[in-house]
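Just below is one structure, and these are the notes that go with it.
When a residue number appears, it is its place in the shown sequence, counting from 1. Only a predicted model underlies this, so the values are computations on that prediction, with no experimental measurement involved. Read the numbers this way: they start at 1 and go in the same order the structure lists the ligands and their atoms.
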Amino acid sequence: MRTKTLIATLLAPAAVQAGLNDLAVRAGLKYFGTALGESAVNSDATYASIISDKSEFGQLVPENGQKWDSTEPSQGQFNYASGDITANKAKANGQLMRCHALIWHSQLPSWVSSPTWTKEALTAVMQSHINNVMGHYKGQCYAWDVINEAVNDDGNWRDSVYLRTFSTDYFPLSFKLAKAADPNTKLYYNDYNLEYNGAKTDRAVELVKIIQAAGAPIDGVGFQGHLIVGGTPGRSSLATALKRFTALGVEVAYTELDIRHSSLPASASAQVTQGNDYANVVGSCLDTAGCVGVTVWGFSDKYSWVPSTFSGAGDALIYDKDFNKKAAWTSVSSVLAAKATNPPASSSTAVVTSTKTTTFSTITTVASSTKTTSTAASTTTSAGGPEQTRWGQCAGLSYSGPTKCQAPWTCQYQNDWYSQCL
Ligand code: G3I
């Protein structure tokens, strides 16, 4: 008996932390996902292994492979080699795929962007592109970003070959063409800086209304979430911006989340602030009925578009360059776990308030425990007293619920405020 116990102890896995996607689903979201860097996944085994873990990332989106310059670099010559990297991974791992992006002024080959088109000729080009690309991925995309970044930061419509040719009529046109190509995927408008709820957000609201008024289908709005540490709006302000769109009857999601440090190296307190900012973004999605998920734009600081675009800035993601989980990871995990455990009470109260050194040996943030411990519905009672079910909270500061877990789950430390049956 003693030998058996010893062997079991020796074979017991090291403490396992719940994956972000598992927590997100438990908290009521459809997914927690990431962009997939096409070259990183083929060259870096650690990267490939983490991104293939569905408990961590339940949804993938190609960082570049489905854009026009990849899929139709020359007119009528379609190439899906790069886009299929993500599609094949998602299929193999049972992950959802967001698909990105069809009508966008950037990464658009010059054979499309340079000529002056008639409306008829450009419509035919768009229809061919949309039919071919959406046709190739038909049935595989949870959602498609049909139009990307059609609004300038100052709130004016963004200049592009599409705007010059159609004025705003290309908004409903694109969505109608997309609906005809694949009627069963969600059709999204996707943009950045909508989070600040200013002139750009106003204009994006108008864009949705233009599409709806024309009788065209639009299902969602993607908040890209390319944000800055210390400059990220608070949780309720973020939720207010999201709710302007759900009020129009569309769903919303964070589609490209990263929160960059303006200068490097990031101090310990800047890392804490980054964690708080991440928690506020994810929390705002949890607070918004109709916010379906959060996607980070890559997960490791080893591979990110940020430093090449914003000189001196970076470290915007939730894993560091060596694939260690950062304070931001713990912060996201905590805010999801709080909601997963106490769906009604925690949604508006879980805020990150303090710092703590954890087993990750980094400064990390933790969720405050202002929520009530309304876990009774998910517990059972055995001869030995109440037992928590899988995922349920089993310990933590201010926690007074069951501390035993149903077999085979064990109570595993996440942070001082939160241990979980896993
Ligand atoms: O593939 C070529 C390679 O053949 C060539 O040798 C190399 C030389 O520079 O360039 C490679 O292409 C680069 C491509 O990423 C793939 O790595 C492009 O130069 C580079 O501009 C491109 O950057 C991408 C950027 O979109 C383009 O606008 C970033 O990786 C990608 O993260 C970024 O993603 C966008 C979203 O799609 C929309 N929202 C904003 C977001 C960040 O900019």
Side-chain angles (χ1 to χ4, degrees), residues 33-44 47 51 57 59-74 77 79-87 97-110 112-113 129 133 137 141 143-153 158-162 174 188-196 200-201 204 207 220-228 232 252-262 281 293-319:
T34 180
L36 178 147
E38 290 84 2
S39 52
V41 81
N42 284 334
S43 61
D44 187 325
Y47 179 96
I51 211 166
F57 299 117
Q59 170 270 315
L60 303 179
V61 54
E63 186 170 354
N64 285 295
Q66 290 177 326
K67 294 171 181 175
W68 198 312
D69 63 355
S70 281
T71 51
E72 194 184 5
S74 310
Q77 304 293 307
N79 184 334
Y80 301 110
S82 183
D84 284 355
I85 295 171
T86 303
M97 178 164 64
R98 288 196 87 262
C99 292
H100 171 83
L102 295 166
I103 301 300
W104 187 27
H105 67 281
S106 181
Q107 285 177 282
L108 185 62
S110 57
V112 186
S113 60
H129 183 76
V133 178
Y137 292 106
C141 302
W144 257 109
D145 292 329
V146 176
I147 297 182
N148 200 38
E149 301 172 4
V151 184
N152 282 333
D153 281 346
R158 185 187 292 280
D159 179 57
S160 70
V161 66
Y162 306 112
S174 303
Y188 268 62
Y189 175 68
N190 191 49
D191 211 334
Y192 59 89
N193 287 354
L194 303 181
E195 299 80 12
Y196 300 104
K200 184 167 186 173
T201 317
L207 180 147
V221 171
F223 279 50
Q224 291 185 6
H226 294 297
L227 299 166
I228 301 171
T232 299
V252 291
Y254 286 106
T255 53
E256 305 184 12
L257 178 61
D258 51 26
I259 308 182
R260 61 184 178 270
H261 294 283
S262 302
V281 173
V294 176
T295 306
V296 284
W297 202 240
F299 62 92
S300 164
D301 292 333
K302 189 172 179 184
Y303 305 104
S304 166
W305 68 288
V306 168
S308 61
T309 303
F310 299 100
S311 181
D315 288 1
L317 295 168
I318 56 176
Y319 285 67

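Between the side chain of T71 and the main chain of Y80, no donor-acceptor pair closer than 3.5 Å is present. Although no hydrogens or angles enter the test, the distance criterion places no donor-acceptor pair under 3.5 Å between the side chain of Q107 and the main chain of K67.
Listed by chain and residue number, I147, Y170, F171, Y189, L207 satisfy the side chain to side chain contact (heavy atoms under 4.5 Å, CB included) test with A150 (two or more places apart in sequence, or in another chain). Residues passing the salt bridge (Lys or Arg N to Asp or Glu O under 4.0 Å) test with D84: none are found, sequence neighbours excluded. Taking K200 as the reference, D153, D191 meet the side-chain hydrogen bond (donor to acceptor under 3.5 Å, both in side chains) condition, with sequence neighbours excluded.
Taking the ring centroids of F310 and W305, they lie under the 6.0 Å cut-off.
At a heavy-atom cutoff of 4.0 Å, ligand 1 is surrounded by E63, N64, K67, H100, W104, S106, Q107, N148, E149, Q224, H226, E256, W297, W305.
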